Structure formats: C-alpha cells, structure tokens
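First up is the structure itself, then whatever we jot down about it.
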Number of protein chains: 2
Amino acid sequence: MGEPARAETPRDRPSKAKRRILDAAARLFHERGFARCTVRELADAVGILSGSLFHHFRSKDEILFAVMEEVIAEMDAALAEALARAADTESRLRVLIRTQLQFIHGPRGHAAAVLVYEWDALSPEGQARLLEGRARYFRQWEEVLDEARQAGLTDTDPTVLRQLIHGAVVWTVNWFDPQGPMSVEDLEQAVLALILK
Amino acid sequence: MGEPARAETPRDRPSKAKRRILDAAARLFHERGFARCTVRELADAVGILSGSLFHHFRSKDEILFAVMEEVIAEMDAALAEALARAADTESRLRVLIRTQLQFIHGPRGHAAAVLVYEWDALSPEGQARLLEGRARYFRQWEEVLDEARQAGLTDTDPTVLRQLIHGAVVWTVNWFDPQGPMSVEDLEQAVLALILK
DNA sequence: ATACCAACCAAGCACTTGCTTGGTATTGTG
DNA sequence: CACAATACCAAGCAAGTGCTTGGTTGGTAT
C-alpha cells in the first residue's frame with residue numbers, strides 16, 4: 001500500500017519508449033547533427049511514426065534537452081563517485097581524464113558528444129536550465145586541477161587548464177577509435193602527460 | 001591591348017560581391033551554424049535578395065566550400081611562411097601555436113571556426129576536394145612536433161600530440177575572449193606549457 | 001547611340017520541416 | 001469482465017527550405 005505502483009516515470013526513470021527515443025536521438029544527433037536530423041528520421045530509427053514522438057516529448061527541442069540533462073547528471077555522478085575512491089592528487093587527476101574519456105568513448109559516448117557539440121543548438125531557456133548541472137561538473141574539474149597546482153604538478157591557472165584539457169579530450173571524438181591500435185588507456189596517458197610536467 | 005581588363009576573377013581573387021558574401025557567410029555559419037543559417041539570412045546580411053546569391057554561387061553548399069577552401073589556403077601559407085622565419089625547434093613550436101591561435105581569434109576567426117566545426121556539414125565531394133590542402137597543413141604540424149620529439153622536448157607521438165593540441169586550441173573559440181583580461185600571448189604560453197615538459 | 005554584361009530583383013516552385021488532430025490498438029488494473 | 005490510461009497510427013497543415021526563372025538596372029566599352 002502506501003503509494004500506488006504508478007510512480008512509474010517520476011522524472012529520472014524514463015519509460016521504455018522514452019528510453020528508446022533518447023538512445024536513438026543521442027546517436028542520430030551526434031552522427032548527423034541536431035539541425036540536420038529530422039523528426040521523421042528519428043522516428044524511423046525508433047520504429048514509430050514521426051507524430052508519435054510528440055506523445056512522449058512536447059518538441060524536438062525537448063528531446064535534445066532530455067538527452068543532455070540525463071548525460072550531465074550521469075557524468076557528474078560518475079565523476080563524484082570515482083573521485084571519492086581516489087586517494088592522492090595524481091590519481092585524482094587520472095580519474096578526471098579517465099572518466100571523461102570513458103564517457104566519450106563508451107556506451108554513452110553519443111549523448112556525451114551531443115552535450116558538447118550541440119550546446120548551441122539548444123534553446124536559451126534549455127541552456128539556462130542546464131547551467132547549474134554543468135557548472136557543478138566543471139567545479140569538480142577545477143577543484144582537482146587546483147589541488148594539482150598546489151601540489152606543484154602544474155602551474156597553469158585551473159580554469160584555463162580545464163578548458164584546454166577539456167578541448168583536447170572532447171576533440172578525441174573526431175579522431176580516436178577505441179577499436180584501433182591505441183587503447184583508451186594509452187590515450188589517457190597521453191592526456192595526462194600534457195598536464196604533468 | 002594585351003589582354004583586356006577583364007582578368008577580373010580568375011579563381012583566387014573573388015569579386016567584391018563574392019568577397020562580401022564569403023565574409024558574411026563565414027560569420028553567420030560560425031555564429032548560427034551552417035544548417036540553421038538560411039540563404040535568406042545570408043542574403044540579408046549581404047544586402048541583397050536570396051535569389052541573387054545563386055548568381056555568384058551554384059548552391060549554399062558551394063558557399064561553405066568556398067569559405068573553407070580559402071581559409072585552408074591562408075592558414076597553410078601563413079604557417080609555412082612563419083615557420084620559415086623560425087630558427088630553433090622551440091620557436092618553431094611556438095609559431096605553430098601562435099599561427100593557429102591568431103587565425104582563430106583574428107579577423108579570419110569566423111572562417112577558421114567554420115572550417116573546424118562545420119566540416120561534417122560539407123558534402124562528401126566537398127570534403128574530398130579539400131582533403132589535400134588540409135593534409136598539407138597538418139603535415140607541417142607533424143613535422144614540427146616530430147622535430148620537437150627528437151629534440152627531447154616531448155615524448156608523445158606526433159600524430160596524437162597534434163590531435164590533442166589541435167583540439168585544445170580550436171576549443172578556445174568557445175571560451176577565450178581576446179578582449180578579456182587574458183591576452184592571446186598568455187594563451188599561447190599556456191598551450192606551449194602543455195607540450196614542453 | 002549602341003551593344004553588352006555582371007549584378008540584382010520579384011515572384012514563386014517543389015519540397016521538407018516540426019508539429020497537430022482525431023482516431024484506433026494495446027496494455028494493465030479493479 | 002469493464003474501463004481507463006497509454007502508445008501508437010494516418011493524414012495533413014502552416015511555415016519555411018534551397019533554388020529557379022524571367023526580367024530590370026546601371027555601368028563600361030565600342
């Protein structure tokens with residue numbers, strides 16, 4: 001008793017249909033770009049007609065928003081958890097890079113790429129609603145980078161360093177192939193070498 | 001006598017109208033994205049009607065191509081010339097970073113950003129026609145980076161390093177403001193610090 | 001004056017876009 | 001079973017898309 005079983009889709013646990021839409025959207029928005037991907041294309045990928053999408057989302061824009069909102073929360077949580085396990089500064093630095101690389105080149109890579117590369121396609125209102133979560137994620141980065149500077153591992157300003165490293169890491173979407181000869185661990189090492197002196 | 005004055009627009013020196021279209025296109029394609037920017041918008045910015053654009057270019061796609069083709073040639077030439085003036089390895093490394101940063105944050109910044117961020121919006125044929133020029137530019141990068149490795153300034157693979165640095169540098173479009181407190185020279189120094197150990 | 005031509009306008013065509021509407025299966029619950 | 005609620009289809013609308021067409025203009029060379 002208590003509350004009925006219909007606490008189905010409070011906000012954080014999408015229904016099966018929504019799940020399929022979000023996954024397909026992440027992939028297509030990444031592969032083809034948000035503006036070039038039509039609702040018909042997306043519906044085709046899900047296996048429904050285009051109009052049916054609007055039973056689950058009010059607009060195409062809201063689908064983009066949902067993809068981004070979800071992956072921000074995931075990345076923030078994953079980073080917080082991984083950092084909590086890391087003891088010394090250098091391993092925390094490593095965790096920073098590793099978490100981001102694993103997201104971008106792992107199963108949630110499409111969503112992560114969409115977050116980065118389609119930010120400007122999101123409506124200003126959508127951007128505003130996501131700012132807080134994004135800022136929280138970046139704050140974790142800067143805390144670690146600041147810690148690294150105090151430990152003498154680097155002497156670049158944490159904010160500048162975060163932006164530079166973030167750029168280098170997200171750009172790997174465009175050239176790095178996890179199936180190729182270079183492993184994600186190798187890549188992680190190369191990025192880490194950029195920070196450490 | 002000789003040839004008539006109408007050696008006007010051989011290929012490399014766009015007419016005044018084309019010049020205005022290309023400049024407006026570079027700005028708009030960067031600010032709004034190629035897909036979201038309509039031919040009417042572009043025509044408005046130039047001060048003509050949308051149909052008149054097609055007197056100068058065969059398609060919207062060809063305008064994007066022209067913007068990219070031009071800026072590739074410029075960057076390649078600028079880098080070659082600047083490298084020729086640099087004596088030692090470290091200053092050649094600095095020239096590499098400086099040239100790219102100056103392009104991205106200088107008067108041709110819009111075109112340079114379009115080249116980087118709208119590459120996927122270009123037709124496959126267009127991409128193929130630009131590959132050679134792009135490869136030539138990247139080859140210059142890798143030659144310097146390889147030289148730096150042989151000099152013991154770094155020990156990361158040149159290709160990997162090029163991609164990482166390139167990512168960090170082009171991403172500055174999204175956060176760095178040349179008018180802000182940090183100068184381009186400061187930024188150049190920060191990027192250089194990533195490479196040198 | 002004449003001939004010419006690049007540059008542009010005015011209008012609109014064929015098509016695609018995101019989204020709506022009204023109805024029908026399908027599903028879970030008392 | 002009844003009965004909602006959910007998920008979906010079928011059809012299409014209004015607005016916007018890239019691009020075309022036929023014609024006008026203003027300047028330049030003959």
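This structure is a prediction, so every number in the text was calculated from the model and none was measured. What's counted below: heavy atoms across the whole structure, side chains too, no hydrogens, waters or symmetry copies. Naming: A, B, ... by sequence-line order, numbering from 1 per chain.
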**OP:** May I ask you to decide if the ring planes of A/His166 and A/Trp141 are parallel, tilted or perpendicular, using 30° and 60° as cut-offs?
**Re:** perpendicular
Subject >> Any residue of residues 39-48 of chain A with a heavy atom less than 4.0 Å from an atom of DNA chain C >> reply: A/Val39, A/Arg40
**OP:** Nearest-nucleotide wise, let me know which of B/Ile21 and A/Cys37 is further upstream toward the 5' end of DNA chain C.
**Re:** B/Ile21
Original post:
By ring pair (Phe, Tyr, Trp, His ring centres under 6.0 Å), which residues pair with A/His105, not counting sequence neighbours?
Top reply: A/Phe176
Original post:
Considering residues at least two apart in sequence or located in another chain, which fulfil the ring pair (Phe, Tyr, Trp, His ring centres under 6.0 Å) criterion with A/Phe57?
Top reply: none
Original post:
Can you tell me how far C1' of D/dT6 sits from NZ of A/Lys18, to the nearest Å?
Top reply: 12 Å
**OP:** Evaluate the ring planes of B/Trp171 and A/Tyr117, with Trp represented by its six-membered ring, and classify them as parallel (under 30°), tilted (30 to 60°) or perpendicular (over 60°).
**Re:** perpendicular
Original post:
Under the salt bridge (charged side-chain N to carboxylate O under 4.0 Å, His left out) rule, what pairs show up with a residue in residues 49-59 of chain A, not counting sequence neighbours?
Top reply: A/Arg58-A/Glu62
Original post:
Would B/Arg19 and B/Asp23 pass as an ion pair if we require N to O under 4.0 Å?
Top reply: yes
**OP:** Can you tell me the distance, in whole Å, between the NZ atom of B/Lys16 and the P atom of D/dG26?
**Re:** 18 Å
Subject >> Residue pairs involving residues 152-163 of chain B (criterion salt bridge (charged side-chain N to carboxylate O under 4.0 Å, His left out); sequence neighbours excluded) >> reply: B/Glu142-B/Arg162, B/Asp155-B/Lys197
**OP:** Using a strict cut-off of less than 4.0 Å between a Lys/Arg side-chain nitrogen and an Asp/Glu carboxylate oxygen, indicate whether A/Arg108 and A/Glu70 qualify as a salt bridge.
**Re:** yes
Subject >> A/Arg36 CZ - C/dG18 C1' separation (whole Å) >> reply: 17 Å
Subject >> Euclidean distance, atom CG of residue B/Leu49 to atom C1' of D/dG18 [Å, nearest integer] >> reply: 15 Å
**OP:** Would you jot down, in residue-number order, the residues of residues 51-64 of chain A having a non-hydrogen atom under 4.0 Å from DNA chain D?
**Re:** A/Ser52, A/His55, A/His56
